[in-house]
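Just so you know, residue 1 is the first one in the sequence shown, and it goes up from there. Ligands are counted one by one from 1 in listed order, and the atoms in each one are counted from 1 as well.
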Amino acid sequence: MKIAVLPGDGIGPEIIEQAVRVLNALGEPFEMETAPVGGAGYAAHGHPLPEATLKLAQQADAILFGAVGDWKYDTLERALRPEQAILGLRKALKLFANLRPAILYPELAGASTLKPEVVSGLDILIVRELTGDIYFGQPRGVRVCPDGPFKGEREGFDTMRYAESEIRRIAHVAFQAAQKRDKRLTSVDKANVLETFQFWKEIVTDVHKEYPDVALDHMYVDNAAMQLVRAPKKFDVMVTGNMFGDILSDAAAMLTGSIGMLPSASLDANNKGLYEPSHGSAPDIAGKGVANPLATILSAAMMLRYSLNRAEQANRIEAAVKQVLAQGLRTADIYEAGTTKVGTREMGDAVVQALH
Ligand SMILES: NC(=O)C1=CN([C@@H]2O[C@H](COP(=O)(O)OP(=O)(O)OC[C@H]3O[C@@H](n4cnc5c(N)ncnc54)[C@H](O)[C@@H]3O)[C@@H](O)[C@H]2O)C=CC1
Ligand SMILES: CC(C)CC(=O)C(=O)O
Ligand SMILES: [Mg+2]
């Protein structure tokens with residue numbers, strides 16, 4: 001089993017180090033190979049997704065990814081920005097299905113900014129389409145506006161689009177995920193304003209005919225954002241497009257106590273996948289040894305379950321995370337009075353020690 005390890009930028013290397021230590025402590029003969037990506041890829045090879053890194057990712061059985069992005073690269077032309085590495089990997093490897101489970105560990109009920117009764121027992125799954133939508137649509141750019149009321153002015157533009165097959169395949173993933181849970185699916189759209197999402201709603205409704213055991217409802221994205229903080233436990237599985245899913249999953253992260261708790265799996269049609277925390281490279285805390293590594297460690301558990309056929313090992317990691325939280329250990333982002341504040345490495349140490 002070969003795992004491509006791509007730490008990236010900012011807190012990426014710090015949190016990946018802990019996830020790798022946990023994987024190494026499982027006693028399995030994983031082969032892990034590390035390569036630079038994002039700003040680190042640009043610094044080493046002049047490109048955020050160097051050819052050798054892409055090749056390694058293509059050849060590996062699974063990819064463990066940290067995060068990319070650094071303020072110092074914000075002025076680079078778009079094609080060379082660190083973020084192009086993760087967008088490029090998702091596109092090149094056809095990782096269209098992004099699973100972001102927002103689960104509140106009972107010990108963290110007080111760490112959430114929402115009232116404990118609103119979030120306790122929370123267990124929802126956001127299924128985000130990952131290779132289409134306005135993040136990839138063409139044409140896009142900045143140009144001199146050719147006509148209309150702003151003719152002659154500079155304008156920025158992007159294209160929102162979804163092909164029918166793209167909507168169908170993510171809808172199937174979402175319905176099948178719902179079948180394994182509470183059999184309820186909410187499709188989040190903006191069908192009241194956007195043609196793309198009117199079409200999305202029509203196709204999801206059609207795919208629903210193949211899953212009569214799943215209850216489907218539709219919700220506009222603005223209402224969904226509000227319901228996520230008003231009554232998040234009413235959701236079971238949510239399916240949505242790339243941009244709405246990006247935004248809603250950051251909001252859902254806070255229901256779990258911190259964005260440092262939200263793992264993710266990005267899967268292709270054969271469950272080959274890239275596993276990364278849902279957060280970014282957090283340049284504001286990078287290098288301080290305070291980042292929460294649990295989202296990355298839990299992403300490694302998802303990797304074992306979805307791509308490496310090692311469900312038992314995934315369970316071991318998840319149980320170890322539960323145990324360290326029960327012991328009262330907290331990184332700064334989930335700290336509350338009466339618990340013990342630890343840094344990134346100590347949290348990694350504790351998870352390794354808690355493995356049974
Ligand atoms: N998949 C990826 O590689 C992603 C990369 N990015 C990039 O990351 C950079 C920073 O973006 P932001 O918008 O600031 O989002 P961010 O998710 O990196 O950080 C947002 C806030 O959450 C905190 N945070 C994030 N992860 C944490 C953790 N594990 N432990 C404790 N606190 C944590 C940060 O300190 C910050 O205050 C940008 O360059 C952005 O493009 C953003 C999202 C995803
Ligand atoms: C760099 C972004 C496209 C990634 C992001 O925000 C995400 O996937 O959550
Ligand atoms: Mg995001």
* Between Lys190 and Asp222, does a salt bridge (Lys or Arg N to Asp or Glu O under 4.0 Å) hold up when you go through it step by step? -> CA-CA 8 Å; Lys190 193 71 188 175; Asp222 40 357; 2.9 Å; yes
* **Derivation of the side chain to side chain donor-acceptor pair (under 3.5 Å) call for Gln198 and Thr196** => CA-CA 6 Å; Gln198 187 182 338; Thr196 308; over 6 Å; no
* **Cut-off under 2.8 Å, centre the Mg ion (ligand 3), protein N/O/S atoms** =>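 The answer is Asp246 OD1.
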Side chain, backbone, both or neither: [X] near ligand 1, heavy atoms under 4.0 Å:
X      : value
Pro283 : side chain
His279 : both
Ile285 : side chain
Val68  : both

Under 4.0 Å to a heavy atom of [X] - the qualifying atoms of ligand 1, by number:
X      : answer
Gly69  : 39 (O)
Ala67  : 3 (O)
Glu276 : 1 (N), 2 (C)
Ala291 : 30 (N)

Do [Y] and [X] meet the salt-bridge criterion of a basic N to acidic O distance under 4.0 Å?
X      : Y      : result
Glu83  : Arg81  : yes
Asp206 : Arg168 : yes
Arg305 : Glu318 : yes

To the nearest 0.1 Å, how far is [atom] from its closest protein heavy atom, and which atom is that?
atom                    : result
atom 36 (C) of ligand 1 : Asp284 OD2, 3.4 Å
atom 18 (O) of ligand 1 : Ala282 N, 2.8 Å
atom 41 (O) of ligand 1 : Glu83 OE2, 2.5 Å
atom 17 (O) of ligand 1 : Gly280 N, 2.8 Å

* For Pro212, all residues meeting side chain to side chain contact (heavy atoms under 4.5 Å, CB included), sequence neighbours excluded ->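 Pro212 satisfies side chain to side chain contact (heavy atoms under 4.5 Å, CB included) with no other residue.
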Counting only nitrogen or oxygen atoms and a 3.5 angstrom limit, does [X] reach ligand 1?
X      : value
Ser281 : yes
Ile86  : no
Ser278 : no
Asn292 : yes

Between [Y] and [X], is there a cation-pi geometry (under 6.0 Å to ring centre, at most 45° from the normal)?
X      : Y      : result
Arg169 : Phe96  : yes
Lys91  : Phe136 : yes
Arg143 : Phe157 : yes

Does the protein put a heavy atom under 4.0 Å from [atom]?
atom                    : answer
atom 44 (C) of ligand 1 : yes
atom 12 (P) of ligand 1 : no
atom 20 (C) of ligand 1 : no

* Asked: Taking the six-membered ring for Trp, is the centroid-to-centroid distance between Tyr162 and Phe199 below 6.0 Å?
  ->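 When the ring centroids of Tyr162 and Phe199 are compared, they turn out to be at least 6.0 Å apart.
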* salt bridge (Lys or Arg N to Asp or Glu O under 4.0 Å) between Asp236 and Arg181: does it pass, once the steps are laid out? -> CA-CA 8 Å; Asp236 178 24; Arg181 295 171 48 102; 2.9 Å; yes
Checking [Y] against [X]: is there a side-chain donor and acceptor pair closer than 3.5 Å?
X      : Y      : answer
Asp9   : Ser281 : no
Gln18  : Arg21  : yes
Gln176 : Tyr211 : yes
Asn223 : Gln227 : yes
His356 : Gln323 : yes

* Over 12 foreign heavy atoms within 6.0 Å of CD, Glu28 ->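 Check passes, neighbour count above 12.
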* Pair Ser307-Tyr275, side chain to side chain donor-acceptor pair (under 3.5 Å): steps then yes or no -> CA-CA 10 Å; Ser307 289; Tyr275 298 83; 2.5 Å; yes
* To do: Find the distance between CG (Asn270) and NZ (Lys272) and round it off to the nearest 0.5 Å.
  =>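 If I round to the nearest 0.5 Å, the distance is 10.0 Å.
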Would you tabulate the polar-atom pairs, meaning N/O of ligand 2 against N/O of the protein, with distances under 3.5 Å, reported to 0.1 Å?
from	atom 1	to	atom 2	distance (Å)
ligand 2	6 (O)	Asp246	OD1	3.2
ligand 2	6 (O)	Asp246	OD2	3.3
ligand 2	8 (O)	Arg90	NH1	3.2
ligand 2	8 (O)	Arg90	NH2	2.7
ligand 2	8 (O)	Arg100	NH2	3.2
ligand 2	8 (O)	Arg128	NH1	3.0
ligand 2	9 (O)	Arg100	NH1	3.3
ligand 2	9 (O)	Arg100	NH2	3.1
ligand 2	9 (O)	Arg128	NH1	3.3
ligand 2	9 (O)	Asp246	OD1	3.0

* **Per atom 27 (C) of ligand 1, closest listed option by heavy atom (Asp333, Thr296, Ile11)** =>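 Ranked by closest heavy atom to atom 27 (C) of ligand 1, first place is Ile11.
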* Tell me which one of Leu274, Leu262, Ile259 gets a heavy atom nearest to atom 25 (C) of ligand 1. =>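 Checking each option, the heavy atom nearest atom 25 (C) of ligand 1 is found in Ile259.
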Going by atom type alone, with no hydrogens or angles, which donor-acceptor pairs under 3.5 Å involve a side-chain atom of residues 246-264 and a protein atom two or more places apart or on another chain?
from	atom 1	to	atom 2	distance (Å)
Asp246	OD2	Tyr135	OH	2.7
Ser249	OG	Arg100	NH1	2.8
Ser249	OG	Gly245	O	2.7
Ser249	OG	Asp246	O	3.2
Thr256	OG1	Ala253	O	2.6
Thr256	OG1	Ser258	O	3.2
Ser258	OG	Gly260	N	2.8
Ser258	OG	Asp333	OD2	2.5
Ser264	OG	Glu276	O	2.8

